[in-house]
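Beneath this line is the structure, given in structure tokens, with notes to follow.
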Amino acid sequence: MVKGAVSFEGSVTTTGRSEAVRLEKAFFRAHPEFRQKARVRAQAVGEGHVLVSLAEPSISAADEIDPVVSAYLAFLERDMVSHPERLSLLSSADLAAAFDLVSEVEVSDEDTLPDDTTI
């Protein structure tokens, strides 16, 4: 399960001839995957906002990680766990409408998506 969205304070400092971001120890206790010497990647996602992720995540290199999609999915998971009352089942009418939309679409497990397809 994804941990809740908790904020941690820190500061920008100098270490050797580099700049560094120091975060409070509580962050590292809550997220041990960011252990000392872990390689990380920082991506500026907007003015004054940065996304820090592991540079060598524990998934295969063939799987591309989109940090924005990952963050959105983590948000959805937290919201579903925190507010299960917001979830509802699809009705029979909803399912029937979905089946009607794809009733004439033929696909095979061997089909591949073109390179320019985005999901």
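These numbers were taken from a predicted model, which means no experiment stands behind them. Position 1 is the first residue of the sequence, and the numbers go up from there.
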Of all residues at least two apart in sequence or in a different chain, which pass the side chain to side chain donor-acceptor pair (under 3.5 Å) check with Glu110? Ser108
Once ring-ring contact (aromatic ring centres under 6.0 Å, His included) is applied, do any residues pair with Phe34, and if so which ones, sequence neighbours excluded? Phe27
Test of understanding: with side chain to side chain contact (heavy atoms under 4.5 Å, CB included), list the residues that count as partners of Pro114, not counting sequence neighbours. Asp116, Thr117
Nearest heavy-atom pair of Asp111 and Glu106: which atoms, and what distance? OD2-O, 4.4 Å
Within a reach of under 6.0 Å around CZ of Phe8, are more than 12 heavy atoms found that belong to other residues, nucleotides or ligands? yes
Side chain to side chain contact (heavy atoms under 4.5 Å, CB included) involving Ala71 - partner list, sequence neighbours excluded: none
Cluster partners of Leu51, using ILVMFWY side-chain heavy atoms under 4.5 angstrom, listed by chain and number? Val45
Does Thr13 have any side chain to side chain contact (heavy atoms under 4.5 Å, CB included) partners at least two apart in sequence or in another chain, and if so, which? Ala20, Arg22
Which salt bridge (Lys or Arg N to Asp or Glu O under 4.0 Å) pairs, counting each pair once, include a residue from residues 81-91, with sequence neighbours left out? Asp79-Arg86
Gln43 vs Val50 side-chain heavy atoms within contact, under 4.5 Å: no
Closest contact, heavy atoms only, Glu24 versus Glu9: OE2-N, 2.6 Å
With sequence neighbours excluded, what pairs up with Arg39 under the side chain to side chain contact (heavy atoms under 4.5 Å, CB included) test? Ala55, Glu56
Taking the side chain as C-beta and beyond, is there a heavy-atom pair between Glu19 and Val12 under 4.5 Å? yes
Answer yes or no: is there a side-chain heavy-atom contact under 4.5 Å between Leu54 and Glu33? yes
Rounded to the nearest 0.5 Å, what separation is found between the CD atom of Glu47 and the NE2 atom of His49? 8.5 Å
Considering only distance and modelled atom types, tabulate donor-acceptor pairs under 3.5 Å from the side chains of residues 90-105, sequence neighbours left out.
from	atom 1	to	atom 2	distance (Å)
Ser91	OG	Ala93	N	3.4
Ser91	OG	Asp94	N	3.0
Ser91	OG	Asp94	OD2	3.1
Asp94	OD2	Ser91	N	3.2
Ser103	OG	Asp100	O	3.2

